[in-house]
Amino acid sequence: AKEQGRNNFQFFAPWMDTQVSNRLEMLISLRRALDQQEFKLFYQPKLSLKDGRIIGAEALIRWESPEQGMVAPDRFIPFAEEAGLIVPIGEWVLRTACRQNKAWQDAGLPPIPVAVNLSPRQMNQALPEFVANVLADSGLSASWLELEITENVVMKDAEKTVATLNTLKRLGLQISVDDFGTGYSSLSYLRRFPVDALKIDKSFVRDIARDADSAAIVKAVISLAHILNLRVIAEGVEDEEQHAFLRENGCDEVQGYYFGKPMTVDDFTDRLRKEAVQ
Ligand code: C2E
Ligand code: CA
Ligand code: CA
Ligand code: CA
């Protein structure tokens with residue numbers, strides 16, 4: 001079976017199975033990707049449900065691999081996390097997104113916050129200082145930066161995470177909880193953690209129309225967020241039915257293919273420019 005496929009693993013000692021050699025290859029190419037600047041950021045618009053205007057963007061990483069073409073993050077972020085490479089990759093993401101957002105502002109486009117995804121490994125005591133440096137270097141005001149963290153980040157080491165998040169908040173940026181409803185969290189942390197917004201996971205949004213439980217969960221999360229004075233964003237909105245449900249139930253913001261897929265800097269710039277003249 002080892003002779004099959006594109007790769008030849010016979011360079012590796014017999015005790016190394018295919019999976020291990022794949023991992024090694026992956027590591028080597030991710031390291032190279034970082035050095036050779038093969039990563040790109042795409043941007044997906046977030047819209048206000050009140051008036052349909054763009055009120056933010058999420059930066060999403062892509063890997064333009066010379067061998068494999070465009071690689072989606074789900075195929076390499078887990079490796080990068082395991083190997084510790086997510087820290088330098090995440091630093092690149094943050095720097096690039098802040099610079100890009102400053103460039104849009106300098107070009108006179110309507111200012112919007114840009115959100116960056118943080119992996120659990122990045123959530124450590126060194127993060128606030130790093131973020132502060134990136135903001136200073138890029139000249140972007142902290143209020144135009146949002147960090148998306150998952151529930152599991154929050155639960156990993158609650159005490160330390162609270163302290164780190166509080167330090168981050170003091171910089172003046174926004175923090176949202178991504179994939180809300182899928183993690184292993186208790187609701188009590190929402191009171192203790194300095195977050196500004198909840199993002200309803202796209203699995204609930206997808207099933208709004210065909211599953212009463214998903215619809216009920218979406219409604220409950222919207223109410224919960226508002227009781228706690230948090231904004232609420234629905235991700236993965238793909239059609240008018242979902243859009244209408246979210247609007248009727250008082251969701252604040254939407255994001256999804258129905259309004260715009262993640263796009264290149266040039267395409268997002270055009271989109272923002274069109275907004276500006278409306
Ligand atoms: P996420 O943060 O939950 O991002 C939302 C994902 O849903 C994105 O996938 C986005 O392209 C996709 N999406 C947006 N609208 C729709 C829709 O209407 N329908 C469906 N089915 N999907 C939609 P993507 O870009 O492949 O990213 C996947 C995950 O990879 C992200 O999930 C995030 O967890 C991770 N990721 C992406 N960029 C970064 C990054 O820079 N750093 C880190 N640490 N993780 C990242
Ligand atoms: Ca996200
Ligand atoms: Ca999400
Ligand atoms: Ca996710």
Side-chain angles (χ1 to χ4, degrees), residues 30 33-34 38-47 54 56-64 69-101 113-124 127 130-131 134 145-154 156 174-183 185 195-209 214 218 221 232-243 245-246 253-264 267-268:
L30 279 176
L34 199 55
E38 293 167 10
F39 294 118
K40 297 257 154 359
L41 289 186
F42 275 32
Y43 295 88
Q44 185 178 33
K46 296 179 179 178
L47 289 84
I54 295 180
E58 177 175 3
L60 294 156
I61 196 170
R62 301 288 180 263
W63 174 19
E64 222 167 10
M70 202 68 96
V71 185
D74 288 337
R75 285 182 49 214
F76 67 87
I77 293 283
F79 285 94
E81 279 174 341
E82 206 181 316
L85 269 177
I86 193 65
V87 174
I89 293 174
E91 291 178 354
W92 176 85
V93 169
L94 191 69
R95 213 179 274 291
T96 306
C98 288
R99 280 189 190 148
Q100 182 58 58
N101 200 12
V114 169
V116 166
N117 291 284
L118 279 192
S119 97
R121 294 281 289 264
Q122 293 175 267
M123 187 54 71
N124 57 51
L127 182 67
F130 180 77
V131 173
V134 168
L145 176 63
E146 182 165 347
L147 301 177
E148 296 193 0
I149 60 176
T150 57
E151 289 172 277
N152 298 338
V153 172
V154 172
K156 213 182 55 182
Q174 303 276 305
I175 297 174
S176 56
V177 181
D178 204 355
D179 303 345
F180 187 76
T182 62
S185 58
V195 299
D196 303 284
L198 302 184
K199 291 189 83 172
I200 306 174
D201 191 67
K202 57 178 179 289
S203 59
F204 302 114
V205 175
R206 184 189 59 212
D207 295 340
I208 277 175
S214 291
V218 169
V221 174
V232 60
I233 307 169
E235 67 174 16
V237 182
E238 293 186 354
D239 59 40
E240 181 49 39
E241 198 171 6
Q242 295 162 350
H243 178 209
F245 179 93
L246 292 160
E253 299 174 25
V254 278
Q255 182 182 351
Y257 296 165
Y258 188 54
F259 310 101
K261 291 199 169 177
M263 54 191 102
T264 62
D267 288 345
F268 195 85

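Read the numbers this way: they start at 1 and go in the same order the structure lists the ligands and their atoms. The figures that follow rest on heavy atoms only: side chains count, while hydrogens, waters and symmetry mates do not. All residue numbers in this chain count up from 1 along the given sequence.
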Evaluate the criterion side-chain contact (heavy atoms from CB on, under 4.5 Å) for residue pair Leu145 and Val134; output intermediate values, then yes/no. CA-CA 11 Å; Leu145 176 63; Val134 168; over 6 Å; no
- Query: Does the N or O separation between Lys202 and ligand 1 drop below 3.5 Å for any pair?
  - Reply: yes
Contact check, Pro262 vs ligand 1, heavy-atom distance below 4.0 Å: yes
Closest to the Ca ion (ligand 3), among the N/O/S atoms of Asp179, is atom OD1
Closest to the Ca ion (ligand 3), among the N/O/S atoms of Asp178, is atom OD1
Filtering Val205, Asp178, Thr150 for the heavy atom nearest atom 1 (P) of ligand 1 leaves Asp178
- [ ] Inspect the contact between Glu253 and Lys46 and indicate whether a charged nitrogen and a carboxylate oxygen are less than 4.0 angstrom apart.
- [x] no
If the threshold is 4.0 Å, N to carboxylate O, is there a salt bridge linking Glu58 and Lys199?
yes
TODO: Could you tell me if any non-hydrogen atom of Arg62 lies under 4.0 Å from any atom of ligand 1?
DONE: yes
Short version for Arg206: what comes under 4.0 Å of ligand 1, heavy atoms counted, is neither
So the atoms of ligand 1 within less than 4.0 Å of a heavy atom of Val237 turn out to be 18 (O)
So the angle subtended at the Ca ion (ligand 2) by Asn117 atom OD1 and Glu58 atom OE2, rounded to 10 degrees, is 90°
Backbone or side chain, does Glu235 get an N/O/S atom under 3.0 Å to the Ca ion (ligand 3)?
yes
Problem set entry | Heteroatom proximity flag, Pro73 to ligand 1, N/O under 3.5 Å | no
Here the pair of heavy atoms bringing Val205 nearest to Val218 is N-CG2, 4.4 Å
### Task
Apply side-chain contact (heavy atoms from CB on, under 4.5 Å) to the pair Val177 and Glu151, showing each step before the final yes or no.
CA-CA 6 Å; Val177 181; Glu151 289 172 277; 3.7 Å; yes
Only one of Asn117, Asp179, Leu118 passes side chain to side chain contact (heavy atoms under 4.5 Å, CB included) with Ile149, and that residue is Leu118
Note: Gln44, heavy atoms under 4.0 Å from ligand 1, region reported as side chain
Pairwise side-chain contact, Gln255 with Pro45, heavy-atom cut-off 4.5 Å (strictly under)
no
| query | So does Glu148 have any N/O/S atom less than 3.0 Å away from the Ca ion (ligand 3)? | reply | no
Counting heavy atoms under 4.0 Å, the part of Glu235 that contacts ligand 1 is side chain
What one should report as the nearest heavy-atom pair of Phe268 and Gln44 is CE1-C, 4.1 Å
Mind checking whether Glu58 has a heavy atom under 4.0 Å from ligand 1? yes
Heavy-atom proximity to atom 44 (N) of ligand 1, picking from Ala234, Gly256, Ser119, points to Ser119
Within the 4.0 Å heavy-atom cut-off, what Asn117 brings close to ligand 1 is both
Margin query: Can you classify the ring geometry of His243 versus Phe259 as parallel (below 30°), tilted (30 to 60°) or perpendicular (above 60°)?
Written below: perpendicular
_Check: Asp179 N/O within less than 3.5 Å of ligand 1 N/O_ = yes
Scanning both residues in full, the closest heavy-atom pair of Gly84 with Arg121 reads CA-NH2, 3.4 Å
**Message:** With a 6.0 Å cut-off (strictly less than), is the heavy-atom count around NZ of Lys261, excluding the residue itself, greater than 12?
**Reply:** no
Do the ring planes of Phe76 and Trp63 sit parallel (below 30°), tilted (30 to 60°) or perpendicular (above 60°)?
perpendicular
ask   = Can you find an N or O of Gln122 that's nearer than 3.5 Å to an N or O of ligand 1?
value = no
